[in-house]
Number of protein chains: 2
Amino acid sequence: MKLEIYTKNEHQAIQNEIIGKIRDLINYKNLEPGDKLPSERMLSDKFEVSRNNVREAIRKLEFYGLVKSMPQSGTFIEDIGVTAMNGIIEDILRLEDPDFKSLVETRILLELKTVRLAATRRTDEDLKQMKETLDAYKTKVLNGEDAVQEDLLFHLAIAKASGNSTINTLMLMITPEIIMNFEKFHVCDKNQAMLGIEEHTEIYKAIKAQNPQKAKQKMKKHFSSLYQYCYNI
Amino acid sequence: MKLEIYTKNEHQAIQNEIIGKIRDLINYKNLEPGDKLPSERMLSDKFEVSRNNVREAIRKLEFYGLVKSMPQSGTFIEDIGVTAMNGIIEDILRLEDPDFKSLVETRILLELKTVRLAATRRTDEDLKQMKETLDAYKTKVLNGEDAVQEDLLFHLAIAKASGNSTINTLMLMITPEIIMNFEKFHVCDKNQAMLGIEEHTEIYKAIKAQNPQKAKQKMKKHFSSLYQYCYNI
DNA sequence: GATTTAAAATTGGTTAACCAAACTGGTTTG
DNA sequence: CAAACCAGTTTGGTTAACCAATTTTAAATC
């Protein structure tokens, strides 16, 4: 997902090449779901690359759920069908790095959902954790300190309270990159931080009151300035 | 993201343990953003685990954008702040596997966005690729064959046309698991497939006509049965 | 001829030795 | 005195040898 430094890109290029070759092999040998991939040693021989490179390529395919490695047994093709396998690998190879705009756009989308889900599903324990992060944020801002981290942790607490493990995972994936970009572009200045306390509190109250509509509305308001900023960058 | 087989879980447990220890080390030594983590050898010594385990743990932290490894130089803590680092690592360690319901819920959310974005941003090349996947789907269904894969590839083509690289990546991550669950639970039967042709075509036309509202409406309709199914599982 | 069993080969995972780039400190040089 | 340089050390990355579990093969037994 992150490809920034040159050495990494080079490394990634080799990995992608191997993934492409594995795809070709699947097609050429008519390997079907459930079939076993040739062993890592055989592949590294065939492709004339190190076994480590093959292992990493396989691990990436495993991350996307396309194959599954069984210790002392082999690597098996998952049951998603040849067509989907080809299409998805093709897409993976062509994936480009996420830009800031798409990150923010995605974050807003995810959070307008998590806040609604949190309002309906939140447990008392969720509420307690949200309160903690909210207080930490307040304290920092009132001390005039930078509070980007505490800001985002409050939002992550909402994601956790949403009870949707997939969205929670996705939020965790994009948040560090969001924070780095925020600090890079100085998105949050002091004035917005003071306003942020009020907005965060309102969101918290709406979730506490289990009012999804209001929670979403408050979140939307909270994002309005960010939204505009994002589209002017 | 995927933790299914026992050996993998065990492996994962060790990795998480190491990640926790790295977090403790960051706190104990007051390591700050930009600081260098102790070398892999030192960590593997200190934690009494193999260097490979340490490397994998670091790689996971790198995936989430929390650290960055520089060849022949060291692993550096990313500039997201100590507080966020602690919070996010904590969340990562407690991440649970995505369940089918949360997968579908997330997919619907993402796709109701991608379809709107695709309607406004799609290029002619995007349109061409969507048409191809749509035709492949039609052919399969009209031959009475199973077309789950072609179905999903059409949706991935929309995601690509959305021009949002983040959402595109996220869609690619969840799609294989969606397909597997679909085939496992036999979500799509023949009747729905025939209906699917019509719905897919309508979505395609709306995107071609660059009508975001209509595109979203058609997608929503397309998802209505899936939505109900998801909540009855 | 079918079943059991044991040994040999195969597999992904692990470990440790090795490599080249990069950093470090002191020395030389202008 | 500062800049250039050079050996020695440290670093993440790479390679190859090794391990234990599994699978395969074929021999042994009934």
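Below, chains carry the letters A, B, ... as their sequence lines are ordered, and counting in each starts from 1.
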Can you sort out which residues in residues 21-34 of chain A have a heavy atom within less than 4.0 Å of DNA chain D? Ascending by number, please.
none
Between protein and nucleic acid, restricted to nucleotides 6-11 of chain C and to nitrogen or oxygen atoms under 3.5 Å apart, what atom pairs and distances do you find?
residue	atom	partner	partner atom	Å
dT11(C)	OP2	S39(A)	OG	3.4

Tell me whether K101(A) is salt-bridged to E105(A), with the criterion being a basic N under 4.0 Å from an acidic carboxylate O.
no
Send over the distance from N52(A) CG to dC18(C) P, rounded to a whole Å.
17 Å
Just list the side-chain donor-acceptor pairs under 3.5 Å for residues 27-34 of chain A, sequence neighbours left out, or say none.
residue	atom	partner	partner atom	Å
N27(A)	OD1	N86(A)	ND2	2.7
N27(A)	ND2	R23(A)	O	3.3
N27(A)	ND2	N86(A)	OD1	2.7

Salt-bridge present (K160(A), E90(B); N to O < 4.0 Å)
no
Identify which nucleotide among dG13(D), dT14(C), dT15(D) has an atom closest to any side-chain atom of R55(A), counting heavy atoms from C-beta outward.
dT14(C)
Could you label the plane-to-plane angle of the H222(B) and H200(B) rings as parallel, tilted or perpendicular, counting under 30° as parallel and over 60° as perpendicular?
perpendicular
Selection from dG13(D), dT15(C), dA17(D) that lies nearest to any side-chain heavy atom of R51(A):
dA17(D)
By side chain to side chain contact (heavy atoms under 4.5 Å, CB included), which residues pair with S44(A), not counting sequence neighbours?
R51(A), V54(A)
Got a list of protein N/O to nucleotides 5-8 of chain D N/O distances below 3.5 Å?
none

Under the salt bridge (Lys or Arg N to Asp or Glu O under 4.0 Å) test, which residues partner R41(A), sequence neighbours left out?
none
